[in-house]
Number of protein chains: 2
Amino acid sequence: MDDDVPPTASAVAASGGAPAPAPEPTRAPAPATTSGAPKRARRTRQATVERRAEILRAAAHTFGTKGYKTGSLAEVAEQVGITHAGVLHHFGSKDQLLVEVLEYRDKEDVRELEGQHIPGGIELFRHLVRTAAANEDRPGIVQSYSVLTGESVTENHPARAWVTERFTVLRGEITDAVETVVGPGVEHERAVEAASAIIGVMDGLQVQWLLDDTVHLAHATRFAIEAILQAVCPPGVTLPSLD
Amino acid sequence: MDDDVPPTASAVAASGGAPAPAPEPTRAPAPATTSGAPKRARRTRQATVERRAEILRAAAHTFGTKGYKTGSLAEVAEQVGITHAGVLHHFGSKDQLLVEVLEYRDKEDVRELEGQHIPGGIELFRHLVRTAAANEDRPGIVQSYSVLTGESVTENHPARAWVTERFTVLRGEITDAVETVVGPGVEHERAVEAASAIIGVMDGLQVQWLLDDTVHLAHATRFAIEAILQAVCPPGVTLPSLD
DNA sequence: CACAACTTACTGACTTGTCAGTAAGCCGGT
DNA sequence: ACCGGCTTACTGACAAGTCAGTAAGTTGTG
């Protein structure tokens, strides 16, 4: 009722986000019949994958607003007009559902960015700032990301591995971009610190903004990224603008 | 079993944290008998306030590791050797228990800082860096802070108001310190942005560090704070060192 | 004694997950 | 073109557990 079902939540990924369902040619992507079992592997039907995607979007919404632990299968099911047992039919368990929600989002993120090559160097930082600006119009996505991230540090949380991996990848990409932008004068260790700080400040500002919208998400993010890049910049080098 | 029961969780407050129970003179702080009811207010007995404090520490531990929603009253009760109904006898409801946990921590924070005046100006930033360093030795506290903060952005969370207020106060204090340090050359708006960014980066780095200890919490925090302060510094002014 | 600090016992709401049964659709053979 | 055999997509009922909260009774202590 409030905000749309989010297609993505990553700190980097996605700008505008057309929620178009992506029609795909016809039928199913012809799954590789896993060698060994000679049974006809006629699994995935078109209607099924669409139904599952519906459920995944509903689950993303519920887990995003209520959190994983608090969001119930019944609530997810209701959104797509089935019972909680129907959801379990498709995903087996609640944990598995969460894992597939996360994977689904990753795939969506990739789809949105395809064509437009993954930005590197200064373009990455511009992308980050644009993302922060875009996020000011979709609190639902930001909330979902913040809630899941916060929850993931509890004991044995099913999203923990996913979040950890995501941070690792992100730090790697941003570290590369830092080294590209400021040249070979930086110690690797400092570039990693800068990358961690940039991710940290983005996430931390999101939480503050969610709780109190006097915080200027986009402005503060831009300011902080610029400050951090400036700090790793050797005296001679001048940074390109982030616009 | 794993880590000690945390006395505090704020991003600013507390350095070492002696878990000493603080004996206090004798009896109770003589509660202001709210004018009107002439009942003898012999409520608080010494043993009782200590028992409650025990429960509050246990609850802080449970909510910190499992989160508020997932942590149960039974688990809290078990830690102090009573049943969950015994806990409810003291606090009335789970929500109320959480609120009192939060208040208890605030009081503890204040107690620890009393005598040593609340730092302002450059001393505040030194305090923040020292806190980050100290936090590397107490993941329990950091986790508890991160979990509760993340959870608080969900719908109708009982800690939401508290977390929001805390951020507001913190931003105010840090903004003042920024203005003190870099002089009158800064626009107020920029100082607020810097304050938000500093809080954000501290919180964000904590989460990354909890999930992956290759992140250097103290170093990265120090680096980021320095970078942000440098960025709001007018060309002429030179910052004092953060050591 | 009176009251605080419990315990025991229980309720009702909600959880995830299992299971059997049903309706609908596809699929190959004739 | 229809039929038997099969899979998928559910529903509804239920199991088994956890949870917060309540009510009534017990114990110990100032």
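Owing to the predicted nature of the structure, the values given are computational and were not obtained by experimental measurement. Hydrogens, waters and symmetry mates play no part in the numbers below; they use all other heavy atoms, side chains included.
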(request) Using side chain to side chain contact (heavy atoms under 4.5 Å, CB included) as the criterion, list what pairs up with B:Glu165, not counting sequence neighbours. (result)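 Counting only residues at least two positions away or on another chain, B:Glu165 forms a side chain to side chain contact (heavy atoms under 4.5 Å, CB included) with B:Val169.
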(message) With a cut-off of less than 4.0 Å, is there a side-chain N or O of A:Arg51 near OP1 or OP2 of D:dC10?
(response)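 True: A:Arg51 side-chain N/O within range (under 4.0 Å) of D:dC10 OP1/OP2.
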(message) It should be established whether A:His89 places a side-chain nitrogen or oxygen under 4.0 Å from OP1 or OP2 of nucleotide D:dC10.
(response)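 Looking at the OP1 and OP2 atoms of D:dC10, neither is under 4.0 Å from any side-chain N or O of A:His89.
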(message) Closest approach to the side chain of B:Ala85, judged atom by atom: which nucleotide of C:dT8, C:dC6, D:dT8 is it?
(response)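 Closest nucleotide among those given: C:dT8.
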(request) Name the closest nucleotide to the A:His90 side chain, picking from D:dC10, C:dC6, C:dT8. (result)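 Output: D:dC10.
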Sequence neighbours left out, cut at 3.5 Å: what donor-acceptor pairs do the side chains of residues 71-78 of chain B make with other protein atoms?
residue	atom	partner	partner atom	Å
B:Ser72	OG	B:Glu75	N	3.2
B:Glu75	OE1	B:Lys66	NZ	2.6
B:Glu75	OE2	B:Thr62	OG1	3.2

(request) Produce a footprint string for nucleotides 12-17 of chain C: one letter per nucleotide, 5' end first; B if the base is under 4.0 Å from any protein heavy atom, S if only the sugar-phosphate is, - if neither. (result) ---SBB
Specify the separation, in whole Å, of atom [atom1] of [X] and atom [atom2] of [N].
X	N	atom1	atom2	value
B:Ile82	C:dA4	CD1	P	16 Å
B:Lys66	D:dT18	NZ	P	12 Å
B:Phe91	D:dT22	CZ	C1'	18 Å

(message) Restricting to ring pair (Phe, Tyr, Trp, His ring centres under 6.0 Å), what partner residues turn up for A:Tyr68, sequence neighbours left out?
(response)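 A:Tyr68: ring pair (Phe, Tyr, Trp, His ring centres under 6.0 Å) contacts with A:Phe63, A:His157.
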(request) Please determine if B:Arg105 and B:Glu108 form a salt bridge, counting it only when a charged side-chain N lies under 4.0 Å from a carboxylate O. (result)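 No, this pair does not count.
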(message) Just to verify, what does B:Asp212 make a salt bridge (charged side-chain N to carboxylate O under 4.0 Å, His left out) with, not counting sequence neighbours?
(response)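 Partners of B:Asp212 under the salt bridge (charged side-chain N to carboxylate O under 4.0 Å, His left out) test: A:Arg171.
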(message) Considering only residues two or more places apart or on different chains, which pairs with a residue in residues 144-153 of chain B satisfy salt bridge (charged side-chain N to carboxylate O under 4.0 Å, His left out)?
(response)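 Checked against salt bridge (charged side-chain N to carboxylate O under 4.0 Å, His left out) - neighbours excluded - no pair reaches residues 144-153 of chain B.
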